[in-house]
Structures are given as structure tokens and as C-alpha cells.
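The block underneath contains the structure these notes are about, expressed in C-alpha cells.
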Protein chains: 2
Amino acid sequence: MPTIRDIARKSGYSVSTVSRVLNHQKYVSEPAKTAIEAVIKQLDYVPNSLARDLSFGQNKNIGVVLPHNDHPYFNQLLNGIMDAAFSSGYHVVLLPSEYNQAVELDYLEQLKRKNFTALIFTSHGIALSVLAEYTRYGQIVCCEDPGTHHISAVYSHREPAYLAAFKYLKAHKAQQIGLLLSRNLAQSPTWIAVTNAYQQVFNCQPDSELMVGGMRSFEDGYRAAEQLVEKQPTLACYFTNGDDIAAGVRQYHLDHQLPTPLLIGQEKQLSSFLLQLPTIDHHFFTLGQKAFEVALSNHHQVCRFESEFILP
Amino acid sequence: MPTIRDIARKSGYSVSTVSRVLNHQKYVSEPAKTAIEAVIKQLDYVPNSLARDLSFGQNKNIGVVLPHNDHPYFNQLLNGIMDAAFSSGYHVVLLPSEYNQAVELDYLEQLKRKNFTALIFTSHGIALSVLAEYTRYGQIVCCEDPGTHHISAVYSHREPAYLAAFKYLKAHKAQQIGLLLSRNLAQSPTWIAVTNAYQQVFNCQPDSELMVGGMRSFEDGYRAAEQLVEKQPTLACYFTNGDDIAAGVRQYHLDHQLPTPLLIGQEKQLSSFLLQLPTIDHHFFTLGQKAFEVALSNHHQVCRFESEFILP
DNA sequence: CTGAAAGCGCTAACAG
DNA sequence: CTGTTAGCGCTTTCAG
């Protein structure tokens, strides 16, 4: 592989002049430029990114930590991030975590080693206070309300949409509501927001017997319905964390000659459109794009988007 | 940020000795090691990856080119790659292509610039001969039969499973078969393999009126069924490129009071299990793991796996 | 077991 | 407009 020095030597110019034409800088004479470009082409030269990155002090990678990739939340967020990254010539490095704190800490250490320019946590097992400590080594963005922690964040404000959804269910005379949610941690922000909204609308805590966590797909929804109907044969209403999950529930009811239940999806996937379900749009794609933008900026900032309850 | 020099100075040892303890090499006295580690801890030092990579001549990133990420083929393959990469301390860089040849060429150029150690093409728009030219700059792995091209490959041999599937349909007295496939290019290897198998079993070309490409999801299947049934109201059998797609077709039939059609899925997703559909397992996760392994190896190799037709 | 010194390939003052 | 030179921070011979 030829180096910039080879180009300099062979073209009769210095490395700095070569560097200038490489980076399309001003102050290069036409003849110099022409001669150097000819040699570059002739020697099939391309600059070495590793050297460039070292010299510049950072590379063009941004790490995206995500627990897994089979829920639309992560997919849509990731797509938004990739879209923005692609436009800016940055690379997205996928960092799987499974919510493992040791793994997440290791990613933070890698940020410190300058393996990435910035880190986006789509979700996390580790404490926000730990993330905050590492912001000195590079921009860190999380995708939830950071509260009092000094961390940049891009997230959607869900409560109002949840409230609207439960009001809708109440207006439709829902008696018992199956709650199909994401993480199994009762402490997750989503879980809390949902139960709060439920509380406000129905003036009571949701029945924990009717709550199921860990929902990711059509199949999960199918199984959860099976499980809940066994406990509560008259169950006819579900609040779910994804349109596909809702579709799975519906399928279970269809397959077992039960009346189609009242359903609410989330993520505004195509299935809610096809099946004419109410859904909640958290704008994850947009969120992802914004998260990337914040990741590249140097100052602390918090952006909140509003979730939307959408009728079919 | 302290550098290795700071550690050397403060500990009273030389940079090379510090480097040795950093890399757990032999030939370091106990006292030296202890003293140096103390200073490292005290100064909160971590080595800079950019410098390390330049010195070593390569980084620990492998690029994965994929057209999009909403088909299980790519998801499962990617999961396999990530699983293997994670175990070896490598990073996976996501490279979206949309089958755009200019974009793919740019990724190859980035390989040349040493932005990645290796490149895996899960699919590609660019010619295999072009990929072959770039193998001189780093390992390149493709996920299909490379034919006579000198490119490492990891792929599944699909024809026998396709044959078995069509024989199954024939045995079940299928008259007309809707063919729901992936890419719209009639030239794609999959498309060719499917029509070949069809040809062998039925002694005729599949009806192009009943072929639809670009299938990625449940919804796509739903829509395709709608479209095909319009053309051919008696259509009662579908060969699909994914279990979810098959599930979508089934849903359409259910929603329109049509008898449940004879279906064949692919990818062995959970939906085929739940809906008791025959499916084809191409072992994509395993393929992904192997593709990564080959990407790290230095010699040319081609690994073929066998797809399996699976009855419910 | 330890250290000096020469790179890795590029960028960016700074002096002409 | 062009060239010299000093880094960026680490690894790795090669002598001690």
C-alpha cells in the first residue's frame, strides 16, 4: 500500500501539499493539483483511516447500545439513527447488551478509549448516574427522561397518549384490561407511566394478574392471550406495547372462536393500519434521527417529543 | 487524558515496560508490574484505541452490508454475526445499502482505507467480480454461491428443500400456487432456485401472474394475497419467503371468509410453529456465525449449509 | 528483565 | 502557494 509519502516523492511535491489536495483545501496551484492527482490515480492510493483518526483524535463511529433487536421500538429507533448517520458519513456500531450492566460498563470504557465518538443508549440496565460520570469522555445520549441527571436525552413523553388510550377504553366500556408490556422490570419507566395513566383513568391499580411483560412479537402476543384467557375467560380488552403484539392477541381470539377483543397497539406499525386498531405513535424514527444529531453535538441537551394516540 | 508516556514518567519505568504490562506480556518483574499498575489506576489511564489500531495496522471492526433490516433473513443472519463478533471482541458496523451499487462500492473503498478489517455482504447489487477485485484489501465474505468467482462464501443450499416443498404441495393436490418472493429482480439467485425447483416438480414454468416480489413482512403477505385473489379467486395455495408472510396471507383469507389456504413458510420463525405451517429452515443464525468466522480467517473458503424442509 | 528509538500514516502549525 | 517538522499514542525490534 502506498502512503502519502510515496505520493509526495513520486509527484515531486511535499506531503503537506499532497495532504492539501487530499482534503480539498485551498492554496494549491492547478499544476500541483493535477500532477498529484495523477500520481494518486496511478499508484491506486487511498488515505489510511486509522492514521487519519489518530491524528484527528477521534473516529467516525457512534456506538448504539441496545438490549436486543427484535422489538419495533429498537428497530425504528435504530433506523432513525442509521438514517441520520448515513447522511453525515458516520458509522453505526451495534452494541448488544441484554441489559447486562457489566457489558454496558465495558462499552462506556470503550468510549473512554476513543473507540467511539459518542454513545447512544436506547435503553440501559446500568444506573443513569454512571452514564453521567462518563460524559466527560464523549457525548452520551439516553432515550428516556434523564430526570435530574446531567445526561443528554431524546425521548417521547408518553403519559398523555397513555391517558388518551385508557380514556378511549373506558369510553368503550372496557371492564377488565389485559396489559401487555415490554420489560419485566416493574421499575421500568414505561411500566410506571402506564400504571400511572391507568390509575388516573380508573381510580385504581391495574390487576397484576392481567399484566404480562417481555412482549416482543406477534407470537408473544398470541401466547399471552392464551395465558390470560385461561385465567380470565371473559377478558375482552387489551392494551399492548406493539401493533404486532395486538395482532397476535387478535389471532388467538380468532383461532379460538372468541369474539374479537378491543385492542390498542403501539408503534404505529402497518398491522394497526390493516387491522384498523387504535395505536400510539411514539415517533421512534424521528427520535432516532434526533438522538444521532444530539450525539454529534457537543453540548448537553434534552429533547422531548410528544407521543400521539391515533384512532384508526 | 494521560498517555502511556505519563505512566512511564510517573512510575519511573520506560514506555516499553508499561506497554508490556498493558498487554500482559511476560518478562516484567513483579515490582515493576505492581508499581506501574498503581500509577495506571491513580491516573485513571486507559490506552487509546486509535493509536493502538494505527500501530497494529487494523482495527476490530467488521462491516456488514445489508440492503435493509426488516426481513428475518437479515435479522437472523445479523444476529448470528453479532453473536460471534461479540465473543471475539469485535465490533459490527452496520452498512445499509438498499442494493445501491455506488454505496456498495464506497464500502469496498472504505475497506481499502482500513476502516474495517473485513466485510460481509449479506446480499449485494454490485457484481461479484467487483467484490473479488477488492479481496486484496481485506477478507470479503458473501452469502451466496460464489460460482467461479474467487470470493469466500457462506451460504445455504436451497434447491433440495425447495424441491421437497413443491413435492409436498403437489402431493396435496395444489393446482395453482402463489409465489411470494423477496427481491424484485428476476435474476436473484433465490428467484432462480425457486423457479428451477418448480419446473422440476411440475414440468412447467410458474405462472408469472401469480408471482409477487419484495415480500418482507406480515403486512406484505396480507396485501399480496389480496392482490392475487383478485386475479385468481380460486387461489388456495402459496409458497412464501417467510413464515410471517405466510401468516399475513392466512390472515387475509380468514378476514375474507375464504378457506384457509395451503401454505409454506420460510425461516422457521415462531409463527410457523404456532400456525402449524410447513416451513424451510435455512439456518441463518448459524450461517451468520460462520460468516463471521470466515471473515476473520485469512484464507479463501466456501462453506455450504443445507436448507431443510420442515413439516409441522 | 528493561529502555532507547524507530516507526505506523496522516495532519497542522510555522516558516518561507 | 509550498515545504519542514513536530506531533497523535502505542508497539516493537534491538541492544543492553
Side chain of [X] - closest among [options]:
X: B/Q25; options: D/dG3, D/dT12, C/dG3; answer: D/dT12
X: B/V15; options: C/dC1, C/dA5, D/dC10; answer: C/dA5
X: B/L54; options: D/dC10, C/dG9, D/dT4; answer: C/dG9

Rounded interatomic separation in angstrom, taking [atom1] from [X] and [atom2] from [N]:
X: A/F56; N: D/dG9; atom1: CZ; atom2: P; answer: 14 Å
X: A/K26; N: D/dT2; atom1: NZ; atom2: P; answer: 14 Å
X: A/I36; N: D/dC1; atom1: CD1; atom2: P; answer: 13 Å
X: A/L43; N: C/dG9; atom1: CG; atom2: P; answer: 14 Å
X: B/L50; N: C/dC10; atom1: CG; atom2: C1'; answer: 13 Å
X: A/I40; N: C/dC10; atom1: CD1; atom2: P; answer: 10 Å
X: A/I4; N: C/dC10; atom1: CD1; atom2: P; answer: 5 Å
X: B/R113; N: C/dC10; atom1: CZ; atom2: C1'; answer: 13 Å

> Considering heavy-atom distances to DNA chain D, does B/S49 or B/R20 have its closest nucleotide positioned more toward the 5' end?
Replying inline: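 Final value for this comparison: B/S49.
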
Is the shortest side-chain N/O distance from [X] to OP1 or OP2 of [N] below 4.0 Å?
X: A/T17; N: D/dG3; value: yes
X: A/Y45; N: C/dC10; value: yes
X: A/S19; N: C/dT11; value: yes
X: B/N23; N: D/dT11; value: yes
X: A/R5; N: C/dC10; value: no

>> Students often mix this up, so state it plainly: with edges at 30° and 60°, are the rings of A/F121 and A/H124 parallel, tilted or perpendicular?
In response: perpendicular

> Parallel, tilted or perpendicular for A/H91 and B/F116, by the 30°/60° rule?
Replying inline: tilted

> So, B/T17 side chain and B/Y13 main chain: donor-acceptor pair closer than 3.5 Å or not?
Replying inline: no

> Does a salt bridge link A/K60 with A/D53, judged by any charged N lying under 4.0 Å from a carboxylate O?
Replying inline: no

>> Once you apply a heavy-atom cut-off of 4.0 Å, does B/A8 come out as touching a base, just sugar-phosphate, or nothing?
In response: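 B/A8: no heavy atom of the nucleic acid under 4.0 Å.
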
> Which comes earlier along DNA chain C counting from the 5' end, the contact point of B/S55 or that of B/P31, where each point is its nearest nucleotide?
Replying inline: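 The residue mapped nearer the 5' terminus is B/P31.
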
> Which of these, A/V141, A/L119, A/I120, sits in a side chain to side chain contact (heavy atoms under 4.5 Å, CB included) with A/I62?
Replying inline: A/I120

>> Base of D/dT4, side chain of A/S16 - is there a donor-acceptor contact under 3.5 Å?
In response: yes

